[in-house]
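All of these numbers come straight from a predicted model, not from anything done at the bench. Chain letters run A, B, ... following the sequence lines, proteins first, then strands; residues in each count from 1.
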Amino acid sequence: MDAADDLFTREDPIFSNKELLEISHLPGEGRIVGRDDEIADLATAVNPAIFGQSPSNVLIYGKTGTGKSLCAKYVSKRLVSTASEEGVTATFAYVDCAQDTTETQAVQTIAEGVNDPDETGINVPDKGLSTSTYYKRLWRILDQRYDVVLILLDEIDKLDDDAILMQLSRAGEAGKITDCKLGVVGISNKIQYKDRMDERVKSSLCEREFVFPPYDANQLREIMQARADAFHDDVLEPSTIPRAAALAAREHGDARKAIDILRYAGEIAQANGEPTVREEFVTQARERAETDRFRELIRGSTPHSRYVLQALALLSLSNGRQDGFRTSRVYEIYENICRQEGSDSLSLRRVRDLLKEHAFLDIIEQSKHSGGSAEGSYTKHQLLEDPSVVKEVLTEDDAES
DNA sequence: GATCCACAGGAAGCATTGGTAA
DNA sequence: TTACCAATGCTTCCTGTGGATC
């Protein structure tokens, strides 16, 4: 019995409340740093909702880790509770469009999120229904249950098309819903997103637009300081947070990355049996954050999608620093890899699409070039990750599978 | 100005899988 | 059980691109 007890550590010597360092953690009031103006602007835009009126549709831009989703969720939560004090039934639905990329998946997520089958008697299955059926059920749920609903579409640029935006932004006008008012908050990392929107969607969805600037080193330090009670007292050495903030500020002011680095630094200290989180662990944590990010990006990708990346990594490793490799060159190496793996290679057309998918996930960068006679226009591809990290992760995954 | 030609990428279609509703 | 639907992963076909060359 005692031996079994020794197997586990009853008390964590480093973390007192690790939840504070989770990406999904929504900080309470006073813990959101450097976003007072943005929160106030957002609240003004959706303010009519607390009286049961239509909130403005909003589009929020900003790079990764600038607090867009955090502020949108925070304002939505506050809106729901304030509306309730005014006797208005409100809610919000959150859709991660990176997960739900198609119109059907997104509508299903919204409908499921706002539904209570016991109350409405409406069932919203995960899949199997036509898109129009999901819409019909969603409209019925909204009219039955709510006066106002705010729909947060995170990473809206990852949606396949604008169809859902058209439906949501015009649901009231089109008479799809009669008792419920709808507001849409679109969140995008890409400022150019608006350019490719349908004109009709643009006019109704972009009533208000906000741009979230990246955090500077001081703000990042404050953000991390605000979550420092994730650790026990005196565990964080004084130089740890400033060092992590400086590193993250250098990399585009990404708060998410900064918090990741802090968490990893704590885990490294824990794994080494150290009583404190030292500055040197921050550097190691940064490397681990990079590898983990890449591992997360390629998780679940098909073997051929990996072979394409492997081809690019091999080219990068054997040719040193170049401004990228042409599709035809990547395809040649990819075909060799397929032969080694004893697998039939996919068509060049398909490989072009796979490369484009990797570029979309910011794993590689594509650049357009023009040759001359008999060269035409072509694309060059370059890994954004360290090629040796790519090779290592792909090899270790192959070994596992 | 016409031609060259490797390459990019849109469109259409096919096979398969995995689900719901009646 | 059957009809229907969405999603995925792929191929084939075809048109457009663009700087050098004739």
How long is the line joining [atom1] of [X] and [atom2] of [N], in whole Å?
| X | N | atom1 | atom2 | answer |
| --- | --- | --- | --- | --- |
| A:Arg326 | C:dT17 | CZ | P | 19 Å |
| A:Tyr135 | C:dC5 | OH | C1' | 16 Å |
| A:Gln99 | C:dT8 | CD | P | 11 Å |
| A:Arg329 | B:dC7 | CZ | P | 12 Å |
| A:Asp100 | C:dA7 | CG | C1' | 13 Å |
| A:Ile164 | C:dA6 | CD1 | P | 14 Å |

A:His304 and A:Tyr307 aromatic ring geometry - parallel, tilted or perpendicular at 30°/60° bounds =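 Ring orientation of A:Tyr307 relative to A:His304: perpendicular.
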Please tell me whether [X] and [Y] have a donor and an acceptor in their side chains that are separated by less than 3.5 angstrom.
| X | Y | answer |
| --- | --- | --- |
| A:Thr379 | A:Thr327 | no |
| A:Asp154 | A:Ser69 | yes |
| A:Thr276 | A:Glu237 | yes |

Counterpart residues, ring pair (Phe, Tyr, Trp, His ring centres under 6.0 Å), relative to [X] (two or more places apart):
| X | result |
| --- | --- |
| A:Phe325 | none |
| A:Tyr134 | none |
| A:Tyr331 | A:Tyr334 |

So which nucleotide from C:dA6, C:dA7, B:dA8 ends up closest to the side chain of A:Lys368?
->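 The listed nucleotide nearest to A:Lys368's side chain is B:dA8.
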Which listed nucleotide (C:dA7, B:dC7, C:dG9) is nearest to the side chain of A:Gln105?
-> C:dA7
Of the residues in residues 343-354 of chain A, which ones touch DNA chain B at a heavy-atom distance under 4.0 Å?
-> A:Arg349, A:Arg352
Using the six-membered ring of A:Tyr135, assess whether NZ or CZ of A:Lys176 lies under 6.0 Å from its centre and within 45 degrees of the ring axis.
->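 Judged by the rule (NZ or CZ under 6.0 Å from the ring centre, within 45° of its axis), A:Lys176 is not positioned above A:Tyr135.
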Take the C1' atoms of the five end pairs on each side of the helix from B:dG1-C:dC22 to B:dA22-C:dT1, get both axes, and report the angle to 10 degrees.
-> 30°
Would you indicate whether the side-chain heavy atoms of A:Ile363 and A:Glu357 approach each other to under 4.5 Å?
->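 Side chain of A:Glu357 against side chain of A:Ile363, heavy atoms only: no contact under 4.5 Å found.
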Would a line drawn from the ring center of A:Tyr61 to the ring center of A:Phe212 be shorter than 6.0 Å?
->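 So the answer is no for these two rings.
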Short side-chain N/O contact from A:Thr327 to OP1 or OP2 of B:dA8, under 4.0 Å |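 Looking at the OP1 and OP2 atoms of B:dA8, one of them is under 4.0 Å from a side-chain N or O of A:Thr327.
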N/O contacts under 3.5 Å, protein versus nucleotides 16-22 of chain B?
unit_1 : atom_1 : unit_2   : atom_2 : d
B:dG19 : N2     : A:Gly128 : O      : 3.3
B:dA21 : OP1    : A:Arg137 : NH1    : 3.1
B:dA21 : OP1    : A:Arg137 : NH2    : 3.4

Are there more than 12 heavy atoms of other residues, nucleotides or ligands under 6.0 Å from atom CG of A:Asn272?
->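 Yes - once you tally the heavy atoms of other residues, nucleotides and ligands closer than 6.0 Å, there are more than 12.
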Identify whether any heavy atom of A:Ser328 sits under 4.0 Å from a base atom; if not, whether one sits that close to sugar-phosphate; answer base, sugar-phosphate or nothing.
-> sugar-phosphate
